[in-house]
Number of protein chains: 2
Amino acid sequence: MRILLVEDDEFIGESIKEYLEMQDNRVDYYSSPIKALEEVYPDHYDIFLLDINMPEMNGYELYKELKNYAKDVPVIFITAYSDIDHVEKAFDLGAADYIKKPFELKELELRIKRLVFKNTNEIKITQNYKFDLDKLKLFYKDEEVDLTQNEKYFLEMLVKNIGQVVELERLKDYVWDGKDICNNTIRTQVKKLRNKLHENFIKNIRGIGYKIEKFK
Amino acid sequence: MRILLVEDDEFIGESIKEYLEMQDNRVDYYSSPIKALEEVYPDHYDIFLLDINMPEMNGYELYKELKNYAKDVPVIFITAYSDIDHVEKAFDLGAADYIKKPFELKELELRIKRLVFKNTNEIKITQNYKFDLDKLKLFYKDEEVDLTQNEKYFLEMLVKNIGQVVELERLKDYVWDGKDICNNTIRTQVKKLRNKLHENFIKNIRGIGYKIEKFK
DNA sequence: GGATAAAATGAAAAAATTTTTATTTTTTAT
DNA sequence: ATAAAAAATAAAAATTTTTTCATTTTATCC
């Protein structure tokens, strides 16, 4: 993960940088917001970590600038202010989160992780296949696989319960919305779906239902 | 907004309740998690506010129970613990946020607002119609309207640009993915879609394209 | 007001998806 | 090894969705 950190207190800045790098992140640290703005490609980052109270330019202004080039990068504001107005202002600006000094580095780490990984709801099925539970799309090596409506719902159910067997009845209930379909319809559906795949990750559990094995 | 608050310290609990009710929220406050579980319909709430450290049953366990009945309701854990393990545990459980005592009520209010309004991506089209941009579903008075794939994409585009005209070319490009379709196809599509609606919120802008008026 | 272009409409053809039926293969228990 | 049940497969029927074509209605410009 690539992180942009701007914090004028070099002692604090360096310790945050050091800590986050220990977690295998790539951290670009600037103690000057002006310099950061000059040197940086904002859309290369997964998250911004910005101090609010800085001499040359405050964190809000900095964020407004960065946002022009990187609309979807979440930001966490860091501040020593206890003043609540800052929280409000931060959220109005679209802050993803806000953390008050002093804080534990571990907490910062967790808040970062949560933001970056919450943003996507893609579940890895195999090395090459992933499924996006929000958009109900299947990807093979980042190429979308063209699925029909029923195939999407079918996969949604299996991926939501990844690692567990989903009973035929539940599938019927969910995918076909309780509609009275002949028992083989579901098998034909599976067949069609499998035909679209390079690897068959849909396992049948005889007499019960279907499942997808947990990856890794 | 309807809020479920469970906090064993009655002084804190009552002040939170009072404060949030001042902001026109409906707050159900319980000082006992057991009692809350017995009396409450979890899926009636927009958000849970749960203390972690409570005598009979801790906040995590309570949340696990509640989650069985209300999978998508976000939770903010409240705690006096400084222990960082609690933050980690909370986020693992799917906590939406976490707030440490003592906190300012205003900050809590802001964090709640941010969660509840960020969580949903439903755009109001008219009094009765709303469109969910995540799931691409249209609702009429909370009833889902059955749409075909193309109709969903068509509406997605219009809702994303609500208040602005979307040119025919752009619609063609997005909905039909650049495919070479006869110019009337899109009009027939609109016709079919309108047939499914009780009110026609799809406005044609002669010679340019279609739009949906901004609500309110 | 009439001419004209755009949009709406209705009906039907074409294409794609869903479902059933019939048959073959696989798995499991005996 | 064989029988029985379940699953996979193939082909065709049924249904739904998408697209085109022909016609009518509507809006706009002169």
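Quick note on labels: first sequence line is chain A, next is B, and so on, each numbered from 1.
Panel note: side chain A:Tyr63, backbone A:Phe48; no donor-acceptor pair is recorded below 3.5 Å. The main-chain N or O of A:Glu21 is never found under 3.5 Å from a side-chain atom of A:Asn25 such that the two would form a donor-acceptor pair.
Atom-to-atom, CG of A:Asn184 to C1' of C:dT23 comes out at 11 Å; the value is rounded to the nearest Å. The separation between B:Ile208 atom CD1 and C:dA5 atom P is 18 Å, rounded to whole Å. In this structure, the CG atom of B:Asn183 is 9 Å from the P atom of C:dA6, given to the nearest Å. Taking atom CD1 of residue A:Ile205 and atom C1' of nucleotide C:dT27, one finds them 13 Å apart after rounding to whole Å. Straight-line distance from the CG atom of B:Leu193 to the P atom of C:dT9: 12 Å, rounded to whole Å.
For DNA chain D, the outermost nucleotides in 5' to 3' order that have an atom under 4.0 Å from a heavy atom of chain B are D:dT17 to D:dT28.
Checking B:Lys192 against A:Gln149, the closest nucleotide of DNA chain C that is more toward the 5' end is the one next to B:Lys192. The 5' end of DNA chain D is approached more closely, in terms of each residue's nearest nucleotide, by A:Arg187 than by the other of B:Thr148 and A:Arg187. Each of A:Leu147 and A:Thr185 lies near DNA chain C, and the nucleotide nearest A:Leu147 is the one positioned closer to the 5' end. Between B:Arg206 and B:Thr188, it is B:Thr188 whose nearest contact on DNA chain D lies nearer the 5' terminus.
Looking at heavy-atom distances under 4.0 Å, A:Cys182 makes contact with a base. Looking at heavy-atom distances under 4.0 Å, A:Ile186 makes no contact with the nucleic acid at all. Nucleic acid contact class of B:Ile202 (heavy atoms, under 4.0 Å, all strands): none. At the heavy-atom level, B:Lys179 lies under 4.0 Å from the strands shown only through sugar-phosphate atoms.
A donor-acceptor contact closer than 3.5 angstrom links the side chains of B:Glu56 and B:Ser32. Remark: the B:Glu109 side chain and the B:Tyr19 side chain contain an N/O donor-acceptor pair separated by less than 3.5 Å.
Shown here, C:dT30 forms a base pair with D:dA1; the pair counts as Watson-Crick or G-U wobble because both key distances fall under 3.5 Å.
Using bins of under 30°, 30° to 60° and over 60° for the plane-to-plane angle, the ring pair B:Tyr129/B:Tyr140 lands in the tilted bin.
Ion pairing between A:Glu167 and A:Arg170 holds under the 4.0 Å rule for side-chain N and carboxylate O.
Each of A:Lys130, A:Lys135, A:Lys137 was checked for a salt bridge (Lys or Arg N to Asp or Glu O under 4.0 Å) with A:Glu122, and the lone residue meeting it is A:Lys130.
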